[in-house]
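Below is one structure, written out as C-alpha cells, with a few remarks after it.
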There are 4 protein chains.
Amino acid sequence: MQFKIDPDNGCPIYEQIARQIKYAIAEGTLTAGQLVPSVRELAKSAAINPNTVQRAYLDLQNEEVIETLRGRGMAVCIGAKKRCVSDRQSQLRDRLEDLVREAIHAGLESEQLKKMFDNALQRATSGGKAKL
Amino acid sequence: MQFKIDPDNGCPIYEQIARQIKYAIAEGTLTAGQLVPSVRELAKSAAINPNTVQRAYLDLQNEEVIETLRGRGMAVCIGAKKRCVSDRQSQLRDRLEDLVREAIHAGLESEQLKKMFDNALQRATSGGKAKL
Amino acid sequence: MQFKIDPDNGCPIYEQIARQIKYAIAEGTLTAGQLVPSVRELAKSAAINPNTVQRAYLDLQNEEVIETLRGRGMAVCIGAKKRCVSDRQSQLRDRLEDLVREAIHAGLESEQLKKMFDNALQRATSGGKAKL
Amino acid sequence: MQFKIDPDNGCPIYEQIARQIKYAIAEGTLTAGQLVPSVRELAKSAAINPNTVQRAYLDLQNEEVIETLRGRGMAVCIGAKKRCVSDRQSQLRDRLEDLVREAIHAGLESEQLKKMFDNALQRATSGGKAKL
DNA sequence: GTGGTCTAGACCACG
DNA sequence: GTGGTCTAGACCACC
C-alpha cells in the first residue's frame, strides 16, 4: 500500500494517514481481518516519524476501524468497511453542502457554480486515472 | 453589518471575520472608501476578543483590502472590490476542485457525486434565503 | 485539584489522569463548563511530561468528557457528569462481578469471600479518609 | 485439562495460562508429581504460540510451582498446593481491597457497593455451576 | 497565555 | 518481530 503525504497542506499528517486507511477500507483494498502496515514500516515508507503513525492508528482504534492483535500487529475490524463507506459518503456530502451553501450565500450564481462543478468533475475523472 | 461567528468549526475566528468582510465587499455591501466597523465595536457586537478582530484587520491590510485612515478608522481600499470578487471565485473554484478530486479519488461514482451536488444546490438556493 | 500518580502500578499514567478527572466530574468537584487544569500546569504539579497529560486529555476528548476552547483551555462538556457517573458505576460493577465470579470459579467459599469483602469495606471506609 | 484463553482481555495470555494452572493445583485437579501438559500439546489445544506457553511455564518454574523432569516433561512440585492456595487467597483479597478502596475513594456509597457485591455473588453462585 | 502537531529516541510487554 | 508508554523538546496557531 502506498501513502501520499503532504506535510504542508494544513491537514495533520496523522489525519492524512487515517483518512487514506479508511478510504482503502471503503474501496476494498483493505479487508476485515487483514493486517495494516506496521507502525515502523509505514513510518519508514512514508518518511515520517513512527509516533505520527501511532497517533493515526490510535484514532482509528478509537473509531473501531482497526484493532491491535498483541504481538502480531493491527488489523481491520470486522464491520469496519460498512462504517468507512458511509463515513466517506456522509463526510463528502456535508463538505459539498457547506461549500455550495457558502458559495450561494456569497452571491455566486447557480449557473456559474454549476459550470465550476462540471469543470472540476471533468478534470478529476480524466486526470485522476493518470495520477493514480 | 452583522457577523456570524462559530468559534467551534475549526476555522479561526479571525479568518471568519476577514472572509465575511471580503464577501461583503465582493457583493457591494461595503464599497470603496467606506469605513469598516471599529475593532472595539465589532468585538463587542460579535462577543469576541478585540485582539482577534485586530488580527483579522491586520490580514486585510496586508492584502490591501482595507487601509487605516489616521484618526478616523479603517476603510475599504479603492480597487478592493475587483480583487475580492476574483478572490472569492478562484477560492471557491479551488475548494470545489479539491473536493471533487478527493471524492473521485476515494472511489465515489461520478453519478453519485453529481446527484449530491444537485441536492446541495437545490437545498442552498431554496433554504438559503430563510436562513439569512 | 490534586492528582495522585503512581508511575509503577502497571496502569498507564495517562489513564490514571483521565480516570481521576472523570471521578472528579462524577463527584461534582469539576462541573460542566469549568476549565480543567492546563496541560502544562497539570504536568508540572504532577511532575510528569506534558505529552502524557495531553494524551489523557485526548482520550477524554474522544469520550466527549472535555472539549477544547481555542486559546483558553479545555473545559468539561455539558452532559459529561451524567456519563461519568454511569461510567463509574458500570465499570466498578463489571470489575466486581468479574472478581467475584473468578473467586467462586477458583473454588473460594461464599462465606470466605463475604468476609473478605466486609473487611475490605471496613478498612476502606475507616482508613480512606486518613489517607486523603 | 481445558484452558479458556481470551486473547483480547488485556491480561497477557501467558498469565492466563499460569493462573489457570495454579488454580487447578489449588483446587486439587493437578496434584504434586503429576505431569502438566507439554508445551506443544497445550499450545496446540489452546491454539496459541508455543513460545507463550513456554513463557508461562518459565514463570511457574521461577515460583517453584512446577519443575522439569529431564526427558519426561514438567511436573507439579511437592508443596506447590499449599503455596497456590494461599497465593490465590491473598491475591484475590488484595484485588478486592483495591477495588473497594477505589470505589469508596471515587465517592460510591457503602450501601450501593454492598448491594453490588451481593448481586455479583448471587449471580456467580447460581450461574457459575452451569458454566463449569 | 492556551492547546496542537511533530520529531527523536528510550524502554517495556507480548508472541 | 510487533505495538504501548513515556520523556524531551521543538514549532505552530489561536486568543
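Excluded from the calculations below are hydrogen atoms, water molecules and symmetry mates; all remaining heavy atoms, backbone and side chain alike, are included. Lettering of chains follows the sequences in order, A, B, ..., and the numbering in each one begins at 1.
Salt bridge Lys22(D)/Glu63(D): present, at least one basic N to carboxylate O contact under 4.0 Å. Taking 4.0 Å as the cut-off between side-chain N and carboxylate O, Arg95(A) and Asp98(A) do not count as a salt-bridged pair.
Between Leu35(C) atom CG and dG1(E) atom P there is a gap of 16 Å when expressed in whole angstrom units. Whole-Å rounding puts the Asn62(C) CG to dG4(E) C1' distance at 14 Å. Regarding Leu42(B), its CG atom lies at a distance of 15 Å from the C1' atom of dC15(F), rounded to whole Å.
Residue Ser38(A) has a polar side-chain atom (N or O) positioned under 4.0 Å from OP1 or OP2 of dT2(F).
Of the candidates Arg19(C), Gln54(C), Arg55(C), Arg55(C) is the only one forming a side-chain hydrogen bond (donor to acceptor under 3.5 Å, both in side chains) with Tyr14(C).
Rounded to the nearest 0.5 Å, atoms CG (Leu60(C)) and CD1 (Ile66(C)) are 4.5 Å apart.
Contact annotation: the side chain of Cys84(A) approaches that of Val65(A) to within less than 4.5 Å [non-hydrogen atoms, C-beta and beyond]. For the pair Met74(D)/Leu35(D), no side-chain contact is recorded, criterion being any heavy-atom separation below 4.5 Å from C-beta on. A 4.5 Å side-chain heavy-atom check between Met1(A) and Ser45(A) finds every atom pair outside the cut-off. With contacts defined as side-chain heavy-atom distances shorter than 4.5 Å, the pair Gln16(A)/Gln20(A) qualifies.
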> In B/S/- notation, 5' to 3', how is nucleotides 5-15 of chain E contacted by protein heavy atoms closer than 4.0 Å?
Replying inline: BBBBB----BS
> In dot-bracket, 5' to 3', how would DNA chain F read with Watson-Crick or G-U wobble pairs under 3.5 Å, [ ] for crossing ones and | for pairs to another strand?
Replying inline: ||||||||||||||.
